[in-house]
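A, B, ... follow the sequence lines: proteins, then strands. Residue 1 opens every chain. Everything numeric here is computed off the predicted structure, so don't read it as measured data.
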Protein chains: 2
Amino acid sequence: MKQRILIVDDDPGIVAAITPALRAQGYEVAAAHDGELALAAFRQVEPHLVLLDLVMPKLGGIGVCQQIRQQSATPIIVVSVKGAEADIVTALDNGADDYLVKPFRLSELLARIRAVLRRGRTPQPLIECADLVIDTTRRIVLRQGQPVSLTPIEYAVLAELVAHRNGVVTARQIVQRVWGPQYADATDYVKGVIRRLRVKLEPDPAHPRYIITEPHVGYRFNDASGAVSSPS
Amino acid sequence: MKQRILIVDDDPGIVAAITPALRAQGYEVAAAHDGELALAAFRQVEPHLVLLDLVMPKLGGIGVCQQIRQQSATPIIVVSVKGAEADIVTALDNGADDYLVKPFRLSELLARIRAVLRRGRTPQPLIECADLVIDTTRRIVLRQGQPVSLTPIEYAVLAELVAHRNGVVTARQIVQRVWGPQYADATDYVKGVIRRLRVKLEPDPAHPRYIITEPHVGYRFNDASGAVSSPS
DNA sequence: CGGTTTTTTCACCGCTTTTTCACCGCGCAA
DNA sequence: TTGCGCGGTGAAAAAGCGGTGAAAAAACCG
């Protein structure tokens, strides 16, 4: 879904300068040239983000900020020539999420836009492959939707494998990470844990799909979901 | 509840300058002086906000940023002498929520802290599940509409569990939060309190529905009716 | 001050996990 | 073929953890 950005600035030059850059990043752009038009446009466009100038006819930036905040939590970045401490504090305390002083570097504006938009999302730190879901924040592993109970060591080893998913991890590495550096030679531990993990996680423990043995090298966690995302 | 802020900076002068100002605003302040300590402190303190310097021994600010982002959405404000466009963009794209160039105006920092914390807040003073209602603002717990009398320690432990509801909290974490860091090994306390809480809150204390034990890991407060099969 | 509640401490029990050890089977090279 | 290294299997011993109960100590309150 394309994200929509509303630019509110009475200087057509600014709008003209920013708009193409935003479009190039894949945003949809709308513009308004004074405070009242801004509120109308806000209701109509329902933008994901507002770029707001402070000095404007009809209704100042602060006023626009307050009005928007009364009805929505849409992020607002104030962009203004006014760089005084008081202006910045006032804007932020009236609902602005960020404040950028003109003249600004375009790439910084874009980065701040990304940062502010990123916050709204609730990223799921979930690792999924086929019938396995690993929720690293809640320390929970689901297999076909059913929770699988793992012991601390099992979970730690799994985490180590998943951290290097699709890459090979040696038994030595695993032992050092999970048990500690002084256990570097106790690679026997790993055998047992790997087996228990396979019994608990693999559809057919005798022919593993996820926890693959790379002979004479180590183990590899196979992420079957080949979905590779391409961030901006 | 007091909001906790973690300052990460290797310059004691900066820490000394900022800390009192933050305390005066009613924040709890913790500090770490290099990247590795920062991550350890982060896990222990679980701050609501991180103030992060970029240039540090052990592990740079960007690295800290990434590590924190892997496990949490806690807001991060980078505070650095490096004001170059590339530094700002890099930090923001690696998970920072805001970027402030040193030297900065204290009131601006405070305003940006307020702005960033304001977003994160999703106030839900009432937690309800099945026949339990927990009013975190009034420190009151209702069970089937009837108030349950909890001792201060019982309530503190319950609050700690509820704060991480559906996530696992270790006995060590609970003890450190409720009794203080110096009690980190006195996990025996927790056993007793958990038992009393179960007696007071659970319909069937022998088979808990809310305060679940995650064996060898810790405890979890179960919000939704996430049916977890348990052998009887 | 005395009585009550709350917190701390301790010992025991049963269960799960971890560790340890011996053995098996396969592939590979001498 | 035989010997060897590597990884899988199985089971039993050891260790650790959590639940329980109860009593001592401390805090609270009129």
Looking at C/dC10, C/dT8, C/dT6, which one has an atom nearest to any side-chain atom of B/Pro152?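 The closest nucleotide is C/dT6.
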
Of the listed nucleotides C/dT19, C/dT17, D/dT9, the one nearest the side chain of A/Tyr189: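 Nucleotide nearest to A/Tyr189's side chain: C/dT19.
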
Gap between atoms [atom1] and [atom2], on [X] and [N] respectively (whole Å):
X	N	atom1	atom2	value
B/Leu197	D/dT20	CG	P	13 Å
B/Ile194	D/dG19	CD1	P	8 Å
B/His207	D/dG18	NE2	P	18 Å
B/Leu158	C/dT6	CG	C1'	17 Å
B/Glu214	D/dG16	CD	C1'	18 Å
A/Asp185	C/dT20	CG	P	13 Å
B/Asp188	D/dG19	CG	P	12 Å
B/Ile174	D/dG18	CD1	P	10 Å

Under-4.0 Å side-chain N/O to phosphate OP1/OP2 contact, [X] with [N]:
X	N	value
A/Trp179	C/dT18	no
B/Tyr219	D/dG19	yes
A/Arg196	C/dT18	yes
B/Arg195	D/dG18	no
B/Thr213	D/dG19	yes

Using heavy atoms to find the nearest nucleotide of DNA chain C for A/His216 and B/Tyr183 separately, return the residue whose nucleotide is more 5′.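 Result: B/Tyr183.
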
Which is more 5' along DNA chain C, the nucleotide nearest A/Lys191 or the one nearest A/Glu154? Just name the residue.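 By nearest-heavy-atom nucleotide position, the 5'-most residue is A/Glu154.
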
Tell me, yes or no, whether the heavy-atom count around B/Arg69 atom CZ, taken from other residues, nucleotides or ligands under 6.0 Å, exceeds 12.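 Yes.
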
For the CZ atom on B/Phe104, are there more than 12 heavy atoms of other groups (residues, nucleotides or ligands in this structure) within a distance under 6.0 Å?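 Check passes, neighbour count above 12.
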
So B/Tyr189 and B/Trp179, would you call those rings parallel, tilted or perpendicular, with 30° and 60° as cut-offs?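 The rings of B/Tyr189 and B/Trp179 sit tilted, inter-plane angle from 30° to 60°.
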
Answer with base, sugar-phosphate or nothing: what part of the nucleic acid does B/Arg198 contact at a heavy-atom distance below 4.0 Å?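 Sugar-phosphate only.
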
Pick base, sugar-phosphate or nothing for A/Ile153, based on heavy-atom distances below 4.0 Å to the nucleic acid.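 Touches sugar-phosphate only.
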
Under 3.5 Å: donor-acceptor pair, side chain of A/Lys200, backbone of A/Leu150: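 No, because the side chain of A/Lys200 does not come within donor-acceptor range (under 3.5 Å) of the backbone of A/Leu150.
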
With the threshold set at 4.0 Å, does a side-chain nitrogen-carboxylate oxygen contact exist between B/Arg112 and A/Asp98?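 A salt bridge links B/Arg112 with A/Asp98.
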
